[in-house]
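Small disclaimer: the values here were computed from a predicted structure and weren't measured.
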Amino acid sequence: CDKYLIILMPSNEKDTYFVAVKVFLEKGGKLLIFKDNFGDWDLPGGRIKKDEFETPLPQIVARKMKEEIGENVSYSIGEPIIFMRHERVEAVQGNPTVRIFALGYKGQWQSGDIILSPRHTDMKWVDIKTFKPEEYFTGGWLKGVKDYIVLAHSG
């Protein structure tokens with residue numbers, strides 16, 4: 001008779017994360033960053049919607065890119081190369097703290113003018129070689145941007 005050991009984990013030991021896609025969009029050695037209307041610097045991309053559970057990730061990336069930088073921008077992306085965990089206070093009733101797990105894609109701008117969404121107030125193309133991410137980003141986004149620069153531009 002085979003015996004099995006079943007370990008039950010109390011539900012309070014698990015956490016709930018939003019899942020997001022982010023694109024490190026480059027053009028001529030520069031990286032696109034932008035500021036949201038809460039004053040935080042960010043990368044193009046965002047959270048996966050509830051009804052997108054079965055949607056291929058590249059289609060979700062395409063939706064987010066269209067929403068955030070306009071529909072006339074052409075770009076290419078590969079597979080995710082950075083994985084980030086970020087915690088933030090939401091600007092909704094009660095200001096809950098949420099956790100976000102994000103897949104970071106290396107992207108290459110090909111053509112088109114960036115047109116920011118109404119949720120973004122400023123944008124910059126920063127030189128990857130001289131950029132100081134700690135002057136713009138915090139938390140998991142900061143770690144992700146630093147990891148990206150090392151991984152994508154070492155050597």
Side-chain angles (χ1 to χ4, degrees), residues 8-27 30-71 73-110 112 114-128 131-154:
L8 298 176
M9 271 178 69
S11 63
N12 64 352
E13 289 186 26
K14 296 180 183 178
D15 200 359
T16 301
Y17 282 76
F18 286 98
V19 178
V21 292
K22 293 288 185 179
V23 177
F24 293 87
L25 189 65
E26 293 189 35
K27 174 175 82 168
K30 296 184 183 250
L31 176 69
L32 177 68
I33 63 172
F34 50 52
K35 190 183 285 190
D36 65 24
N37 54 7
F38 301 107
D40 296 324
W41 286 93
D42 202 354
L43 299 164
R47 297 180 207 175
I48 297 173
K49 291 182 177 181
K50 194 175 204 174
D51 65 352
E52 292 178 316
F53 184 75
E54 299 289 335
T55 304
L57 291 173
Q59 287 181 24
I60 296 169
V61 170
R63 174 186 62 82
K64 290 305 300 178
M65 294 293 277
K66 182 178 174 182
E67 288 174 3
E68 296 193 344
I69 64 173
E71 58 187 81
V73 176
S74 294
Y75 60 91
S76 62
I77 61 167
E79 295 296 317
I81 64 167
I82 295 290
F83 303 95
M84 299 171 279
R85 289 177 287 182
H86 183 70
E87 190 172 78
R88 67 173 286 163
V89 176
E90 294 285 75
V92 296
Q93 183 178 359
N95 300 107
T97 298
V98 299
R99 291 182 172 168
I100 303 164
F101 176 82
L103 303 156
Y105 293 81
K106 182 175 184 174
Q108 185 63 47
W109 174 89
Q110 294 172 332
I114 306 285
I115 299 172
L116 292 180
S117 78
R119 294 184 304 256
H120 298 95
T121 61
D122 193 10
M123 68 172 246
K124 292 182 180 194
W125 287 99
V126 295
D127 188 316
I128 290 173
F131 176 52
K132 293 182 175 35
E134 59 278 355
E135 294 178 7
Y136 296 88
F137 294 93
T138 60
W141 297 154
L142 173 59
K143 182 178 182 325
V145 171
K146 285 181 169 182
D147 288 350
Y148 172 77
I149 290 170
V150 169
L151 181 67
H153 294 279
S154 59

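- In this structure, OH on Tyr148 lies 9.5 Å from CG on Leu43, to the nearest 0.5 angstrom.
- Within a 6.0 Å radius of CD in Glu134, more than 12 heavy atoms belonging to other residues, nucleotides or ligands are found.
- Using modelled atom types, no side-chain atom of Gln59 and backbone atom of Pro56 make a donor-acceptor pair closer than 3.5 Å.
- Checked against ring pair (Phe, Tyr, Trp, His ring centres under 6.0 Å), Phe34 has the following partners two or more places apart in sequence or in another chain: His120.
- In this structure, the separation between CE on Met123 and CG on Asp42 is 14.0 Å, given to the nearest 0.5 Å.
- Side-chain contact check for Thr55 versus Ile48: every heavy-atom pair is 4.5 Å or farther apart.
- Using a 4.5 Å heavy-atom threshold, the side chains of Lys146 and Pro133 count as touching.
- Taking the six-membered ring for Trp and thresholds of 30 and 60 degrees, Tyr136 and Trp41 have ring planes more than 60 degrees apart, a perpendicular arrangement.
- In this structure, the side chains of Trp141 and Ile100 come closer than 4.5 Å at one or more pairs of heavy atoms.
- Remark: of the listed residues Lys64, Met65, Lys22, Met65 is the sole one forming a side chain to side chain contact (heavy atoms under 4.5 Å, CB included) with Pro44.
- Residues that satisfy the salt bridge (charged side-chain N to carboxylate O under 4.0 Å, His left out) test with Arg99, not counting sequence neighbours, are Asp15, Glu87.
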(request) Carefully, step by step, assess Val98 and Arg47 under the rule side chain to side chain contact (heavy atoms under 4.5 Å, CB included). (result) CA-CA 12 Å; Val98 299; Arg47 297 180 207 175; 4.0 Å; yes

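- The structure places CG of Leu31 at 10.0 Å from CG of Asp127, a figure rounded to the nearest 0.5 Å.
- Not one N or O on the side chain of Glu71 forms a donor-acceptor pair closer than 3.5 Å with the backbone of Lys66.
- For the pair Tyr105/Val21, a side-chain contact is recorded, criterion being any heavy-atom separation below 4.5 Å from C-beta on.
- Interatomic distance, Lys35 NZ to Leu116 CG, rounded to the nearest 0.5 Å: 12.0 Å.
- Scanning both residues, Gly144 and Ile82, for their nearest heavy atoms gives O-CG2, 4.0 Å.
- The closest donor-acceptor contact from the side chain of Gln108 to the backbone of Ser76 lies at 3.5 Å or more, if one exists at all.
- Of all the heavy atoms in Val73 and Ile69, the pair that sits closest is CG2-O, 3.5 Å.
- With a 4.5 Å cut-off on side-chain heavy atoms, Ile128 and Phe24 do not count as touching.
- Using a 4.5 Å heavy-atom cutoff, the side chains of Glu26 and Lys106 are in contact.
- Under the 4.5 Å side-chain criterion, counting only non-hydrogen atoms from C-beta, Asp36 is not in contact with Arg119.
- Within the cation-pi definition used here (under 6.0 Å to the ring centroid, within 45° of the axis), Lys30 does not qualify as a partner of Trp125.
- The line from CD1 of Ile33 to CZ of Phe137 is 5.0 Å long, rounded to the nearest 0.5 Å.
- Between atom CG of residue Leu57 and atom CD of residue Glu52 there is a gap of 9.5 Å, rounded to the nearest 0.5 Å.
- Nearest heavy-atom pair across Ala152 and Ile81 is CB-CD1, 4.5 Å.
- What you find for Val89 and Thr97 is that their closest heavy atoms are CG2-OG1, 3.8 Å.
- The shortest side-chain heavy-atom distance between Arg85 and Lys143 does not fall under the 4.5 Å cut-off.
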